[in-house]
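Worth saying up front: this structure is predicted, and the values here are computed from it rather than measured. Throughout, a chain's letter reflects where its sequence line sits, starting with A, and its residues are numbered from 1.
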2 protein chains.
Amino acid sequence: MVYTGLYDFMQLQRQAPDPLYLQIKDGLIAAIRAGDYAPHERLPSERELSEQYAVSRMTVRQALLSLVRDGVIYTRVGKGTFVAAPKIDQQLRTLTGFSQDVQARGGRPSSRVLDARVIGAAPEVAAALRITPQSEVIRLARLRLSDDLPLAVETAYLPFARFPALLTHDFAVESLYAVLEHQYGLALTQAEQVLEAVVADAEEVRLLELTAPAAVMRMQRLTVDSDGEPVEYVLSSYRGDRYKFRFALQAGR
Amino acid sequence: MVYTGLYDFMQLQRQAPDPLYLQIKDGLIAAIRAGDYAPHERLPSERELSEQYAVSRMTVRQALLSLVRDGVIYTRVGKGTFVAAPKIDQQLRTLTGFSQDVQARGGRPSSRVLDARVIGAAPEVAAALRITPQSEVIRLARLRLSDDLPLAVETAYLPFARFPALLTHDFAVESLYAVLEHQYGLALTQAEQVLEAVVADAEEVRLLELTAPAAVMRMQRLTVDSDGEPVEYVLSSYRGDRYKFRFALQAGR
DNA sequence: GCGCTTATATGGTCTATACCGGTCTATACG
DNA sequence: CGTATAGACCGGTATAGACCATATAAGCGC
């Protein structure tokens, strides 16, 4: 036990170096993320990689197998190892509002404010936000566009008591999530969503410039801050033909 | 090469024998299920197992690592390998199919098989399952009902090569996920979904007993096993008026 | 040109061996 | 008696090599 003190010291100084196969794994992840390999592009063969990294083929395989389990790459006998289609999982790391969402898809988000005022909370809204009915809530209704094409109608409700100065912002320009994060220092980490497919009503047809009959995706979202306090309750209607909702499911853990 | 002829013969007679490590894995699963090892009981060491099965230690490790990924066992450096706590953990580690889903909502699931056969994979299906186009896939189309009311049309595609005996089951009665789990020992842990709202086409109107125009939720799901291998590609259409898709979003972690 | 064989590349499986650091225990020492 | 320490055993990492089935392209015979 002579070295206990020194060992602890070194533990604090630096982590034990990762095993080789993890270093290789990280290297490959970095290369893929850097764009050195496009989706479905072939990686060097296991034998080539073992030469490049100067390790045995089994060690390379350990790194590759781990990447396969993570869904980053896939293998085909006799053909090679390939980069998997980009994972949606990544997208879910942060809760995104409309603006980030559209940007992530390569679009240019914009908004038209339809309504922005303080009203008494309807029972349904009060229940969702867990406040007393008829207490004041901010109602922010916007038409959301991607590259100037109408994509969704969105109505957000927030407790007025908590965000009294919120309506001083111009939400035709600013992102609600950005304001909540930077102005109020909120970390939005959890949300509960309900999706439903319905035939668009007259109002939706008009605002989203649809031709009846058309389908819209109605979304209900309750966003909660890191303390578990409800922050916003949002009702949206997305054009069915322009919006696909994609996400990853993961069991357990 | 003395055995080539015999080997070819056996190939024709029955599927290629599982690799050693899978045989060992199955053996251990059977032993655990039979109660030979209680939860948290230590298994023989890797070196002992390699003697018992007369294989190298690396082969034993391959079996054990797969069991760890499936959550059946866990390992502790310096101590040994142990049986994981049963069921409840297990349950949470797997995704749910239609049957479990409806049951969780308090409904009584049932099915009508519309089509069940082996066909050549369409390009889209082959790409999703990451198999070569035109290779054989199982196509299982079912009308899914909850309390005898039509709720969804679901078409699942699975690689035939991996599940050659799958169609011997009656999927009007059995759950596909249950068969995959118990028969093939698969832990379905990851899936990627895409949801879209559309106006129901004539076929959907007829099968789901809708009145046009009506909205349906089209779902696309790629389910992947614990080894990262695509298992099934499912296209579904849910009645918009009877199905709400609810889930929790969580950022970061 | 068309079909067949052959050569070559790939990932998948398996062996045999080695050393590491963590864990536990029996034994020798103070 | 308490405690070091040596050693046995554990899973984790790594090597070097072998053979398999699959996939693809080159070469060959017709």
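Residues satisfying the side-chain hydrogen bond (donor to acceptor under 3.5 Å, both in side chains) criterion with A:Ser99, sequence neighbours excluded, are absent altogether. Applying the side chain to side chain contact (heavy atoms under 4.5 Å, CB included) rule to A:Leu65 yields the partners A:Arg61, A:Arg69; only residues at least two apart in sequence or on another chain are considered. In this structure, the side chain to side chain contact (heavy atoms under 4.5 Å, CB included) partners of A:Gln103, at least two apart in sequence or on a different chain, are A:Pro109. Contacts of B:Asp26 classified as side-chain hydrogen bond (donor to acceptor under 3.5 Å, both in side chains), with partners at least two apart in sequence or in another chain: none. Residues satisfying the side chain to side chain contact (heavy atoms under 4.5 Å, CB included) criterion with B:Glu51, sequence neighbours excluded, are absent altogether.
Under the 3.5 Å distance criterion, the side-chain polar atoms of B:Gln62 are left unmatched by any main-chain donor or acceptor of B:Thr59. Between the side chain of A:Glu41 and the backbone N or O of A:Ala38, at least one donor-acceptor pair lies under 3.5 Å. A donor-acceptor contact shorter than 3.5 Å links the side chain of B:Ser175 to the backbone of B:Tyr177. Between the B:Arg130 side chain and the A:Arg76 main chain, no donor and acceptor come within less than 3.5 Å of each other.
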Which atom pairs link the protein and nucleotides 9-14 of chain C when you take only N or O atoms and keep those under 3.5 Å?
from, atom 1, to, atom 2, distance (Å)
C:dT10, OP1, A:Ser45, OG, 3.1
C:dT10, O2, A:Gly78, N, 3.1
C:dG11, OP1, A:Thr81, N, 3.4
C:dG11, OP1, A:Thr81, OG1, 3.1
C:dG11, OP2, A:Glu46, N, 2.9
C:dG11, N7, A:Arg47, NH1, 2.9
C:dG11, N7, A:Arg57, NH2, 3.3
C:dG11, O6, A:Arg47, NH2, 3.1
C:dG12, OP1, A:Thr75, OG1, 2.8
C:dG12, OP2, A:Arg61, NH1, 2.9
C:dG12, N7, A:Arg57, NH2, 2.8
C:dG12, O6, A:Arg57, NH1, 3.1
C:dT13, OP1, B:Tyr21, OH, 3.1
C:dC14, OP1, B:Leu20, N, 2.3
C:dC14, OP2, B:Leu20, N, 3.3
C:dC14, OP2, B:Tyr21, N, 3.2

Considering only nitrogen or oxygen atoms on both sides, find all protein atoms under 3.5 Å from nucleotides 2-5 of chain C and state each distance.
none

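Each side chain to side chain donor-acceptor pair (under 3.5 Å) pair with one or both residues in residues 116-126 of chain B, not counting sequence neighbours, appears once here: B:Asp115-B:Arg117, B:Glu124-B:Tyr233. The stretch residues 199-208 of chain B participates, sequence neighbours left out, in these side chain to side chain donor-acceptor pair (under 3.5 Å) pairs: B:Glu203-B:Arg206, B:Glu204-B:Arg218, B:Glu204-B:Ser237.
Where the helix from C:dG1-D:dC30 to C:dG30-D:dC1 starts and where it ends, the local axes point in directions that differ by 20°; five pairs per end, rounded to 10°.
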Which side-chain N or O atoms in residues 158-172 of chain B pair as donor and acceptor under 3.5 Å with protein atoms at least two apart or in another chain?
from, atom 1, to, atom 2, distance (Å)
B:Arg162, NH1, B:Asp225, OD2, 3.2
B:Arg162, NH2, B:Asp225, OD2, 2.6
B:Thr168, OG1, B:Ala165, O, 2.6
B:His169, ND1, B:Leu166, O, 3.2
B:Asp170, OD1, B:Ala172, N, 3.0

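Remark: nothing in residues 128-137 of chain B comes within less than 4.0 Å of DNA chain C through any heavy atom.
Atom CG of B:Leu49 is separated from atom P of D:dC10 by 10 Å (rounded to the nearest Å).
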